[in-house]
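One structure is given here, and the rest of the page talks about it.
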Amino acid sequence: TQLLEQSPQFLSIQEGENLTVYCNSSSVFSSLQWYRQEPGEGPVLLVTVVTGGEVKKLKRLTFQFGDARKDSSLHITAAQPGDTGLYLCAGKNSGYALNFGKGTSLLVTP
Amino acid sequence: DSGVTQTPKHLITATGQRVTLRCSPRSGDLSVYWYQQSLDQGLQFLIQYYNGEERAKGNILERFSAQQFPDLHSELNLSSLELGDSALYFCASSVVASGGKNEQFFGPGTRLTVL
């Protein structure tokens with residue numbers, strides 16, 4: 001059973017478009033992280049959100065943590081080919097491990 | 001570059017064999033985590049060590065074992081390999097054992113192919 005459900009599973013857009021990907025769970029997390037993974041490489045941490053309702057911006061990427069700390073979204077403005085990759089969300093509850101979603105595979109074409 | 005190193009990058013072996021994957025954490029990190037990534041299951045947590053001691057277990061098979069050495073590097077041992085064990089294996093490290101944000105930094109992975 002996957003604790004975190006990510007949608008959409010695949011997304012193919014053209015350069016310059018905006019997009020939003022979602023990460024949903026029925027569980028409450030003490031923190032939630034977003035990673036980006038490129039083929040053949042390890043996930044790279046983008047951001048950590050901790051407080052319900054928190055919004056963080058990283059250049060053209062905007063991350064939001066749901067008020068109830070059960071869900072999160074990632075919005076990309078004016079996507080570029082360099083944004084192509086697998087976006088993973090990972091939630092941490094009281095335990096030690098991170099629970100990962102299966103990811104959203106994003107392809108941005110010029 | 002995350003600062004986490006993993007060797008080897010690629011490993012091809014036969015069913016029934018045993019392999020060892022190696023990981024060196026970022027300088028200063030005491031926690032090491034092992035994950036398995038397959039197309040159908042995504043990233044699955046296997047096991048965590050903190051300063052040489054096992055701290056948490058996830059979906060790790062009994063055929064798999066790990067340890068963390070005094071110099072903090074870690075090894076994941078996979079034995080009696082099956083075709084289904086073919087996957088990417090990642091090591092991650094963090095400063096803290098639990099609590100806080102537990103931000104983890106991943107190595108480049110080892111791609112294991114079992115033929």
Side-chain angles (χ1 to χ4, degrees), chain A residues 1-10 21-25 27-52 54 56 58 63 65 69 72 85-106, chain B residues 1-7 9-10 21 23-26 29-51 53-60 87-111:
Chain A
T1 303
Q2 206 74 22
L3 280 180
L4 284 162
E5 298 291 335
Q6 291 190 244
S7 61
Q9 190 175 358
F10 300 100
V21 298
Y22 301 93
C23 173
N24 295 296
S25 176
S27 300
V28 176
F29 295 104
S30 59
S31 66
L32 192 139
Q33 299 170 6
W34 284 91
Y35 292 79
R36 184 172 72 202
Q37 183 179 18
E38 298 188 21
E41 299 183 10
V44 175
L45 180 64
L46 296 174
V47 77
T48 301
V49 286
V50 178
T51 307
E54 182 177 3
K56 280 194 173 180
L58 184 66
F63 304 86
F65 202 12
R69 305 204 318 275
S72 181
L86 179 68
Y87 288 83
L88 296 159
C89 65
K92 181 188 176 303
N93 47 32
S94 59
Y96 298 98
L98 291 176
N99 301 287
F100 279 86
K102 289 191 177 182
T104 292
S105 183
L106 172 65
Chain B
D1 185 353
S2 67
V4 179
T5 60
Q6 288 187 249
T7 56
K9 180 75 172 172
H10 301 279
L21 312 183
C23 166
S24 292
R26 293 188 318 160
D29 285 358
L30 299 178
S31 270
V32 170
Y33 309 79
W34 286 97
Y35 291 87
Q36 179 192 59
Q37 187 177 38
S38 60
L39 284 175
D40 56 341
Q41 292 294 322
L43 258 175
Q44 298 286 313
F45 168 68
L46 296 179
I47 197 165
Q48 178 205 2
Y49 278 81
Y50 176 76
N51 203 21
E53 294 187 0
E54 181 185 304
R55 276 301 176 96
K57 264 188 175 181
N59 301 320
I60 189 166
L88 275 166
Y89 290 84
F90 287 103
C91 166
S93 73
S94 70
V95 174
V96 298
S98 66
K101 298 178 182 179
N102 194 24
E103 293 177 337
Q104 297 181 20
F105 297 86
F106 283 76
T110 293
R111 180 175 293 280

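Quick note on labels: first sequence line is chain A, next is B, and so on, each numbered from 1.
Only the backbone of A/Glu41 comes within less than 4.5 Å of a heavy atom in chain B; its side chain stays farther off.
Heavy atoms from other residues, nucleotides or ligands lying under 6.0 Å from CZ of B/Arg26 number more than 12. The environment of A/Gln9 atom CD is sparse: at most 12 non-hydrogen atoms of other residues, nucleotides or ligands sit within 6.0 angstrom.
For the atom pair A/Tyr35 OH and B/Glu103 CD, the distance stands at 7.0 Å (nearest 0.5 Å). B/Gln37 CD to A/Lys102 NZ: the interatomic distance, rounded to the nearest 0.5 Å, is 11.5 Å.
If you tally non-hydrogen atom pairs under 4.5 Å between each of A/Leu45, A/Thr48, A/Leu98, A/Val50 and chain B, the highest count goes to A/Leu98.
The salt bridge (charged side-chain N to carboxylate O under 4.0 Å, His left out) check on A/Arg69 picks up nothing, with sequence neighbours excluded. Residues passing the ring-ring contact (aromatic ring centres under 6.0 Å, His included) test with B/Phe105: none are found, sequence neighbours excluded.
For the pair B/Phe90 and A/Pro43, the minimum side-chain heavy-atom distance is below 4.5 Å.
Among all heavy-atom pairs drawn from B/Gln104 and A/Gln33, the shortest one is N-OE1, 4.2 Å.
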